[in-house]
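Worksheet: the structure to be examined is printed underneath.
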Amino acid sequence: MYLSAASLAISAAIAVSGQSAPLTAREKAAWERIKPSIVVLMRSGSPTGAAAMIDPSGLFITHADSVQGNSMDARLLDGRTLRLQLKNSDGTTQLALLKIVGSVPEGLRPLGMPEGNERPGTPMFAIMPAGPVRAEFVSANQLGRVGPGLRILPLSEVRFERSGSSISGALLVSYDREFMGALYATLATRESDQMGANLLAPGGLGPNLTVKSPLVRQMGPAQMTVAYTVGPDVVRRVVEDFRAPGHDVSYPALGVFCRNAQEGGALIQRINPGSSAEKAGLRINDVILEINGAPIDNQIDFSRVMFRQQVGAKISVRFRRGQSEIVRSVVVGRQAE
């Protein structure tokens, strides 16, 4: 399934209505384990969002929409306060990195990262300043164009119970204390059919697709809302880069821009000067057919396979040039945000 930039441009601040049932005993126990990792971001005494601890050195991650200025106050869920400073942000995922100013208060615990083996129906929380809303993982088998550069990345679909408030930037955390991302576009179930016309993928990047929410299903007394976040692999990559000394996020790249080739494959339309592709001898109008044995049938396949590569690794690229097929070894480059 492919989600267009249009679908992700839908306001993530759609208000949702309904009443959530009180947390069950199991949910309360899970929430108590998560609470030492969560702070509420504040500005002028009002909450702007939630942030989750990702490193014992005092690093927190949040959605960029929740950040106001280069430093801000935060409130622990036990009432204590601290000061956080903005260290960096990733323009593609809209995730921002914050660091505690001064010493790290006792009792804070970093969350773990997703293992990537979540199954449909895996329970989790969408965490907002007002508290957690029950949610569940649907799938990570979608693709979308995200960020100012419209990078194609894997996305996760999440369903959550309508909470009566905005879910803009809500953090997703599994009951096992894994940070799963932050919510982006949302589709309220009753609105999906009317909104479908605005969710068509532009031509040239894969089949046009109208994104519609699943049938209304009950997790409790409230109806469901569908939302999207970047997939587990993307979350792990961003967090790992945020934890590194420079805190800079980068993505694997060959330095090419491709489109679908009529006869199959990814047709190179542009090559960045000095890029890995140029150094390896690839040319404009070459058609990439295979990367490290993985078939490339279109631009989407190219983006999906490239995302899984490691910067600095050597990969084998098979491509068609005219009537000939050529195999070259290419070093994966780095594309910073």
Side-chain angles (χ1 to χ4, degrees), residues 8 10-24 27-54 60-68 72-82 84 89 93-98 108-109 111 114 122-138 156-189 219-230 235:
L8 294 177
I10 298 173
S11 171
I14 295 174
V16 292
S17 61
Q19 295 296 322
S20 297
L23 298 182
T24 65
E27 291 167 341
K28 288 180 180 178
W31 177 234
E32 287 300 317
R33 293 192 297 270
I34 293 170
K35 282 170 62 175
S37 306
I38 304 298
V39 299
V40 176
L41 303 177
M42 309 292 294
R43 182 172 179 83
S44 302
S46 298
T48 63
M53 191 178 194
I54 58 171
F60 283 79
I61 196 167
T62 188
H63 192 283
D65 286 349
S66 300
V67 178
Q68 304 290 328
M72 56 195 310
D73 293 323
R75 186 182 70 239
L76 282 70
L77 299 189
D78 61 10
R80 291 178 292 169
T81 60
L82 48 80
L84 295 175
S89 61
T93 62
Q94 295 297 295
L95 292 172
L97 178 69
L98 304 169
L108 288 176
R109 298 174 53 204
L111 294 175
T122 297
M124 59 184 63
F125 291 120
I127 300 174
M128 299 176 287
V133 174
R134 58 172 57 88
E136 68 177 20
F137 177 83
V138 178
S156 293
E157 182 177 320
V158 178
R159 283 195 291 250
F160 64 97
E161 202 170 79
R162 299 192 186 191
S163 64
S165 61
S166 166
I167 54 81
S168 176
L171 304 182
L172 291 171
V173 180
S174 72
Y175 288 8
D176 294 330
R177 303 187 67 258
E178 294 178 345
F179 176 71
M180 301 296 296
L183 292 179
Y184 293 98
T186 63
L187 301 176
T189 51
M219 292 176 69
Q223 289 184 336
M224 304 296 294
T225 296
V226 176
Y228 299 94
T229 183
V230 291
V235 172

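- Separation of atoms CH2 (W31) and CD1 (I127) is listed at 4.5 Å; rounding is to 0.5 Å.
- With contacts defined as side-chain heavy-atom distances shorter than 4.5 Å, the pair D73/T81 does not qualify.
- When side chains are defined from C-beta on, T48 counts as touching M72, because their heavy atoms get closer than 4.5 Å.
- Closest heavy-atom contact between L108 and F60: CD1-CZ, 4.0 Å.
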Subject >> Worked verdict on M128 versus V133 for side-chain contact (heavy atoms from CB on, under 4.5 Å) >> reply: CA-CA 8 Å; M128 299 176 287; V133 174; 3.1 Å; yes
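- Ring centroids of Y175 and F125 are separated by less than 6.0 Å, placing the two rings close together.
- Interatomic distance, CE of M53 versus CD1 of I61, reported as 13.0 Å (0.5 Å rounding).
- Here the straight-line distance linking atom CZ of R159 with atom CD of E136 works out to 4.5 Å at 0.5 Å rounding.
- To the nearest 0.5 angstrom, H63 atom NE2 is 11.0 Å from L172 atom CG.
- Tested against S66, the residues L98, L41, L171 include a single side-chain contact (heavy atoms from CB on, under 4.5 Å) partner, L41.
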**OP:** Would you sort out whether L97 and I54 count as a side-chain contact (heavy atoms from CB on, under 4.5 Å), showing the intermediate values?
**Re:** CA-CA 9 Å; L97 178 69; I54 58 171; 4.0 Å; yes
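- Here the side chains of L23 and P132 are in contact, with some heavy-atom distance below 4.5 Å.
- In terms of heavy atoms, G169 sits closest to A182 at O-CB, 4.1 Å.
- Listed for the R177 side chain is a donor-acceptor partner under 3.5 Å among the backbone atoms of R33.
- A pairwise comparison of heavy atoms in A135 and A126 identifies CB-N, 4.2 Å as the closest pair.
- Taking all atoms of both residues into account, the shortest heavy-atom contact from R134 to E27 is NH2-OE1, 2.6 Å.
- A donor-acceptor distance shorter than 3.5 angstrom exists from the side chain of S37 to the backbone of R109, with no hydrogens or angles considered.
- Contact check for V226 versus E157: side-chain heavy atoms found under the 4.5 Å cut-off.
- With sequence neighbours excluded, the residues satisfying salt bridge (charged side-chain N to carboxylate O under 4.0 Å, His left out) with R80 are D78.
- In plain terms, the two heavy atoms of I34 and S174 that are nearest each other are CD1-O, 3.5 Å.
- Separation of atoms CD (E178) and OG1 (T122) is listed at 9.0 Å; rounding is to 0.5 Å.
- When all heavy atoms are compared, the tightest approach of I38 to A52 is CD1-CB, 3.9 Å.
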